[in-house]
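Reviewing the structure listed below.
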Amino acid sequence: MRWVRRPRRSGTICLCVASFALLLHLLLLCFAFSSIPQTQSCNPSSSSSSSSSSSSSSSSSSARRDAPLHPANDTSGLAPPPAETTPPDTLKTRRGVVPRDSKARRHPPVGGEAGGGGGVSVSKLQAFFSHPLYNLPSPAVPEEDWLLRVKPKAQPSKESSLFWVSTLQDGYEDVQWNSSSSSHPPWLRFHMGISRWELYPNPDPNMGPLVQQLATHHIVSAVQKSGGTQLKLVMSFPNYGQAIFKPMKQERDEETNFNLYYFSDFERHNAEIAAFHLDRILGYRRIPPVVGRLVDVVKDIKDVTTDHKLARTFFSSPVGNTCFYGQCSYYCSTEHAVCGRPTALEGSVALMLPDLSLAIRRTWRSPWRRSYSRSKLAKWETEPDYCSTVKKTAPYDKGTRLVDVVDLAILDFLMSNMDRHHYETFEKFGNDTFLLHLDNGRAFGRHSKDEPSILAPLRQCCRIRRSTWLRLRLLALPHFRLSDVMRESLGRDPLSVATTPLLAEPHLAALDRRLTVVLRAVNRCLEEKGGGAGTMGGARGGVWDGAGDEVVIYDDMS
């Protein structure tokens, strides 16, 4: 057999392959150079024009940030949030603004702000409290409209002390206070900030330190609070602050039995916490700050109590948990004892109002008080024209007292609180002041059923504040939604870190459902009364005008 050598054909093939590879590399290099952006010219005129354009763009963006949240011709105050600028890490498409690093999110977060280095989202809660309805201009508070004032500096004497020292002196701080608020503890700053129309302003820079101390401050003393139907304690802190502690009686997500009457229901610690957050969201600011706290039954209560009656009620359960039951009208027995796990106990801590020796409070019987009977009905439940009688009776015949009661009824309906037999006011301010929304432990018991009778003051009187009406409508918008704002607000409570939320989702859904009921009730009143808007001699008092009985919206914003 004869072998044939073909060296030239193999060399030709190798040369072709090498040429093709070289051509391919050249094409890739050309494409890479063409994709590199041109560098900026060093021409001074080019630089100045670039800087001027950047300054104009920054000024325009600054103008957009400073623009009002609603157009000038919008008098409702319910306009949607302003248009958002495109953050540098997003792309504009036909479907909207899409982040570069995420294909799933097609819409910017609610209240998002354009920031350098990435879009910084603002929460619904922050966007909500930034709305103009929560930042209305208000005049300076007159001296006589403050609940407490610092006394003039007294003549010094050798016997006087600059320190406020406890009679027991055990565990309390030797603090030196003067007329400057910066030297006062947070609870005292809160007391000094109470005015004729609200417990605290919005925003309140003192709220953060105050809530932090309520949740973490060392407990010096714990005694049972006298009065009331169920067990609650008065806890004292080293800086002389005091708070009311209501222990956990049932699980957070447990619903009240339908066969249980409202006056036989438990008081819930999470209801007190949620009521404070809801009251603040509604813009009332009439509930003292309440925070959740996990305490040690032994170290924080048993070992520091000076209440001998309370101390005698401590015992160890069959499984080794430390329990106590105290002495009260209802649910203070071994069958209804409060137990730790084994010593850890959840509860609500509510800041106490100023002592009655400093600020006397007056208790008023609610005109829409229930009969607290299993068979009898109250007068307002049998007389359709009951409100006409109330409006002729002092103090509901003038001032803001009637719309104050309606505000309270809306709050109670949203959280399904039927246990509102009395309310309180500060005696110093007479009838021209706000109502204190205290004792909300029986709220948020049932989420699957609404109680329409709680709205009787609104349905029968057809009267509501304009500010309340606008804020309710604002909370019904999808930009905010009451349940979303409440969920976020409650999520900031120390007890929210647990696996079970402070309010179960069915309770949050019930808030949205009940808000719709309130809005429909007001709309029905507007249809029946003609929708006119009148005043009652101004926003802070006066008498009913001639057309006052035929109007629905009480103008407190003029």
Side-chain angles (χ1 to χ4, degrees), residues 123-126 128-129 171 185-187 189-190 199-200 202-222 231-239 241-254 266-281 285 287-301 304 321-322 338-352 415 438 440-441 443-444 483-505 507-508 511:
S123 66
K124 277 191 176 184
L125 188 65
Q126 290 174 322
F128 181 74
F129 283 123
W187 67 264
R189 289 200 295 267
F190 176 84
L199 284 176
Y200 56 93
N202 180 53
D204 184 8
N206 183 53
M207 188 59 65
L210 176 58
V211 169
Q212 178 70 16
Q213 288 203 355
L214 289 176
T216 62
H217 227 35
H218 174 61
I219 298 172
V220 177
S221 172
L231 175 66
K232 46 187 172 289
L233 307 177
V234 175
M235 291 183 167
S236 302
F237 304 111
N239 60 3
Q242 289 187 323
I244 297 177
F245 177 80
K246 288 190 177 182
M248 182 177 72
K249 290 290 187 68
Q250 63 185 44
E251 299 298 328
R252 300 184 195 175
D253 55 349
E254 187 176 348
F266 284 118
E267 290 188 358
R268 287 166 286 275
H269 71 296
N270 60 326
E272 292 284 357
I273 302 169
F276 163 67
H277 286 261
L278 181 59
D279 177 86
R280 179 169 171 257
I281 288 172
R285 298 189 291 278
I287 295 181
V290 186
V291 65
R293 178 164 179 169
L294 196 66
V295 302
D296 189 297
V297 175
V298 177
K299 296 179 180 179
D300 296 329
I301 301 178
V304 298
N321 294 334
T322 303
V338 176
C339 298
R341 299 180 182 177
T343 60
L345 175 64
E346 275 188 23
S348 64
V349 181
L351 182 69
M352 290 190 67
M415 58 186 185
L438 306 176
N440 304 286
F444 294 105
S483 59
D484 292 341
V485 178
M486 269 289 289
R487 184 185 298 105
E488 183 179 347
S489 184
L490 289 172
R492 303 185 178 191
D493 188 86
L495 289 183
S496 65
V497 298
T499 55
T500 307
L502 278 171
L503 273 187
E505 284 299 320
H507 281 294
L508 295 174
L511 287 175

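Just so we're clear, the structure is a prediction, and the values are computed from it rather than from any experiment. All residue numbers in this chain count up from 1 along the given sequence.
By the 4.5 Å heavy-atom criterion applied to side chains, Glu267 and Lys249 are not counted as neighbours. Considering only heavy atoms from C-beta on, Met235 comes within 4.5 Å of Ile301 through its side chain.
Applying side-chain hydrogen bond (donor to acceptor under 3.5 Å, both in side chains) to Glu346 and the options Arg252, Arg293, Arg341 leaves one that passes, Arg252.
Using cut-offs of 30° and 60° for the angle between ring planes, the Phe237 and His217 rings count as tilted.
For the pair Arg280 and Tyr200, the cation-pi criterion (under 6.0 Å, within 45° of the ring axis) is not fulfilled.
The CG atom of Leu199 sits 9.0 Å away from atom CD1 of Ile287, with the distance rounded to the nearest 0.5 Å. Separating the CD1 atom in Ile273 from the CG atom in Leu502 is a distance of 5.0 Å, to the nearest 0.5 Å. Going from atom NE2 of His277 over to atom CD of Glu488 covers 11.5 Å, rounded to the nearest 0.5 Å.
The closest donor-acceptor contact from the side chain of Asn440 to the backbone of Ala443 lies at 3.5 Å or more, if one exists at all. With Trp187 contributing its side chain and Asn239 its backbone, the two residues share a donor-acceptor pair below 3.5 Å. Asp279 places a side-chain N or O within 3.5 Å of a backbone atom of Arg285 that can act as its donor or acceptor partner.
Residue Leu490 comes nearest to Ser496 through the heavy atom pair O-CB, 3.4 Å, listed as atom of the first residue, atom of the second, then distance.
A salt bridge links Lys246 to Glu272: at least one charged side-chain nitrogen sits closer than 4.0 Å to a carboxylate oxygen.
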